[in-house]
Colleague: 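Pasting in a structure now, in structure tokens, and then I'll have a few things to ask.
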Amino acid sequence: MKAAIVSSKELGTNCWSSYRFCYGMRCAKVLTCTYPEKATCQAVQREKDFIEQNRTARITQIEASAKKALEQLEQQSSRKMEKLNGNDERIPL
């Protein structure tokens, strides 16, 4: 168990969540917190950063999947157009 260091300034605060005082912790109440300490809370900021990193990674993953799907559709479309135009290079049996 780790001890938290609390300054005299923080003694009068409303939020006494352990996440707020333990280094490296993230606060899950980032969306529901109504305390004025939320503006300067490092645990809330770490949670916001974590959410943003996951969001950015997910967006990048979705963009890559969409690009791959678009390339596949373009290939299929060009093959179908060649077939319709009679430019099919395959030798008929």
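In this chain, numbering begins with 1 at the start of the sequence shown.
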Colleague: Does Glu52 pair with Arg55 as a salt bridge, N-O distance under 4.0 Å?
Modeller: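 Salt bridge flag = yes for Arg55 with Glu52.
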
Colleague: Could you tell me the separation between the CD atom of Gln42 and the CZ atom of Arg26, rounded to the nearest 0.5 Å?
Modeller: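 That separation rounds to 14.5 Å.
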
Colleague: Less than 3.5 Å apart, any donor N or O on the side chain of Asp49 or Gln45 sitting next to an acceptor on the other?
Modeller: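 Indeed, the side chains of Asp49 and Gln45 share at least one donor-acceptor pair under 3.5 Å.
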
Colleague: Could you report the tightest heavy-atom contact between Arg46 and Met25, atom names first, then the distance?
Modeller: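 It is NE-O, 2.6 Å.
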
Colleague: With the 4.5 Å side-chain cut-off for hydrophobic clustering, are Phe50 and Val44 part of the same group?
Modeller: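 In one cluster with Phe50: Val44, no.
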
Colleague: Say you draw a straight line from OG1 of Thr56 to CD of Gln61; how long is it, rounded to the nearest 0.5 Å?
Modeller: 12.5 Å

Colleague: CG of Leu73 to NZ of Lys80: how many Å apart, nearest 0.5 Å?
Modeller: 9.0 Å

